[in-house]
Amino acid sequence: MATHVSVKQCLAPGGVDLGQTIMVQGWVRTRRDSKAGLSFIQVHDGTCFDAVQVVAPGDLDNYEDIVRLTTGASVRCIGTVVESKGKGQSVEIKADAVDVIGHVEDPDTYPVPAKRHTFEYLREQAHLRVRTNTFSAIARVRHCLSQAIHRYFHENGFYWVHTPIITGSDCEGAGEMFRVSTLDLANVPRTPEGDVDYAEDFFGKETNLTVSGQLNVESYCLALSKVYTFGPTFRAENSNTSRHLAEFWMIEPEIAFADLADDADLAEDFLKSILRTLLEELPDDMAFFQQRIDKTCIDRLTTFIDASFERMTYTDAIAALEQAVAKGEQFEFPVSWGMDLQSEHERWLTETHVGRPIVVMDYPKDIKAFYMRMNDDGRTVAAMDVLAPGIGEIIGGSQREERLDVLDARINEMGLEIDDYWWYRDLRKYGTVPHAGFGLGFERTMAFATGMANVRDLIPFPRTPRTARF
RNA sequence: UCCCCUGUAGCUCAAUUGGUAGAGCGAGCGGCUGUUAACCGCUAGGUUGCUGGUUCGAGUCCAGCCGGGGGAGCCA
């Protein structure tokens, strides 16, 4: 009985012995016939970038069936591993049997034949696009980076915390949320005042899908010291750009007994580590991205990994931008202390000014969230953004306000309802400690890693305004 | 949500100043070949996003609607 071997093992140096009889199972990428009486079938099974060449001799019982194989059909091939007589591969499988598991019903209308397609078209074929070179490579990168992230945290003493997807928290703040409800929309219960009566709803209160696990994970941070979340996140913003999804995955580490400098150090070490892992573990896939998607892909990553991140305060960044303007640099948006940095400013800082990744720290309090720690100057908070050449902001984080009186003052100053924050404030009442963390958008990180231009192509089934197919 | 672009065979695009559609790729068939972005030949395939309007005549001009993309804002 032939052993089932993955295409990856089959093609790996030393993965199989020449002369060994094996079985591979997968899908046909292309088929080429020779009237010399044999057919060449490229079979891929998703385990690696390359497909394996199966050579089917014309004397196979079902050869008529084999020469009708088209791109996308599924096959089980049993044969001997031999040195290839042709160019383009070192080994191939000389088939003793090629069983057709599933033909393609109508090759003329098969949505992803072996030809070039636009990414826009393939988004409409999300259930089949993963059979293409690009999207199977993306799927492997997604897995590899996910594993690298978990491994990095695990090896550095972090615990993965499963913060809730459905949140009853009234204080998450950032952005529009998706409501979670079992109320009958055609017959909504009302209070005597005429408002929607959420007491009748499943949870007895208004609930939403999470926009961030940060507030919850702070709770676990202040007991487990080093924690992180990695899960789906939802924003109901009507954002139609290549960098936004309604459903995306986010990584949010949180460290106790730590300040903003520790946070920046973690961000730098973390990013370098996971990207290094990616280059080490998926060289074939990354070579593909370099060759076909983004010529600078690998160089950009190695430069990123090798460079030390510059640290700079927001105030110094503004000063540098103002000097640049004085020397004639043109920006669409004017530069002044107190404004948020526009992406053109961020790009100038990281690409032109320092020429490597940069961590901008200590932003004006008025443009940042209530939970960020107030600095001694009274006008900036301990926030940071990591900016990278060619992409701009890749990480946003902060040291959290651990002093209850200062936190309360900020909540009141921003007009927030202090009672909504009762449990968050408890964390400051009972054994508070300085702590810090950051958020990283997973699909944006993948865009940086692969050179793919649109996050809709980096998540299997993208959700965007007016689009939730599949 | 705002601005710009766009919607023609399965896919990517053509179609001069409005005169009722072509190519490449893909697919099918045949030829050739230890082939590999194969190559050569033949064939099939379109109510030009939808609705209305202007006109003798609309893929082409106008309006509305629907879809797609890019940018901005928001952010991750």
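Letters A, B, ... mirror the listed sequences (proteins, then strands); counts begin at 1.
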Step by step, work out the side chain to side chain donor-acceptor pair (under 3.5 Å) result for S212(A) and E252(A).
CA-CA 8 Å; S212(A) 165; E252(A) 296 171 293; 2.8 Å; yes
Report yes if a donor N or O on one partner sits less than 3.5 Å from an acceptor N or O on the other, where the partners are the side chain of E237(A) and the base of U1(B); otherwise report no.
no
Separation between NZ of K272(A) and OG1 of T277(A), rounded to the nearest 0.5 Å
14.0 Å
Measuring only the C1' atom in each nucleotide, how far is C61(B) from U48(B)? A whole number of Å is fine.
15 Å
With a cut-off of 3.5 Å and sequence neighbours excluded, list every side-chain donor-acceptor pair involving residues 135-145 of chain A.
| from | atom 1 | to | atom 2 | distance (Å) |
| --- | --- | --- | --- | --- |
| S136(A) | OG | T132(A) | O | 3.1 |
| S136(A) | OG | N133(A) | O | 3.2 |
| S136(A) | OG | R140(A) | NH2 | 3.4 |
| R140(A) | NE | D285(A) | OD1 | 3.2 |
| R140(A) | NE | D285(A) | OD2 | 3.0 |
| R140(A) | NH1 | G46(A) | O | 3.0 |
| R140(A) | NH1 | C48(A) | O | 3.4 |
| R140(A) | NH2 | D285(A) | OD1 | 2.8 |
| R142(A) | NH1 | E443(A) | OE2 | 3.0 |
| R142(A) | NH1 | L458(A) | O | 2.9 |
| R142(A) | NH2 | E443(A) | OE2 | 3.0 |

Consecutive Watson-Crick or G-U pairs in runs of at least 3, all under 3.5 Å, in which RNA chain B is involved:
B:1-7 with B:66-72, B:10-13 with B:22-25, B:27-31 with B:39-43, B:49-53 with B:61-65
Ignoring backbone atoms, establish whether T467(A) has a side-chain N or O less than 4.0 Å from OP1 or OP2 of G68(B).
yes
Work out how far the P atom of A58(B) is from that of C2(B), and round it to whole angstrom.
34 Å
With Q53(A) as partner, the option from K94(A), R29(A), R32(A) fulfilling side-chain hydrogen bond (donor to acceptor under 3.5 Å, both in side chains) is R32(A)
Short of 4.0 Å, heavy atom to strand atom, which residues of residues 267-274 of chain A count as contacting RNA chain B?
none
Return the value, rounded to whole Å, for the distance between atom CZ of R116(A) and atom P of G26(B).
12 Å
Does a side-chain N or O of R466(A) approach OP1 or OP2 of U1(B) to a distance below 4.0 Å, or not?
no
Within the pair N454(A) and G70(B), is there a side-chain N or O less than 4.0 Å away from OP1 or OP2?
yes
Is there a donor N/O on one and an acceptor N/O on the other, under 3.5 Å, for the side chain of S239(A) and the base of C75(B)?
no
What is the nucleic acid contact for R68(A), judged by heavy atoms within less than 4.0 Å: base, sugar-phosphate only, or nothing?
nothing
Looking across every strand, which nucleic acid part, if any, lies under 4.0 Å from G396(A) by heavy atom: base, sugar-phosphate, or nothing?
nothing
Could you check whether R300(A) makes a cation-pi contact with F448(A), meaning its NZ or CZ is under 6.0 Å from the centre of the six-membered ring and within 45° of the ring axis?
yes
Reckon S34(A) touches a base, only the sugar-phosphate, or nothing at all at heavy-atom distances under 4.0 Å?
base
May I ask you to verify whether the side chain of E92(A) and the base of G34(B) hold a donor-acceptor pair under 3.5 Å?
yes
Would you kindly give the CZ-to-P distance between R123(A) and C11(B), to the nearest whole Å?
16 Å
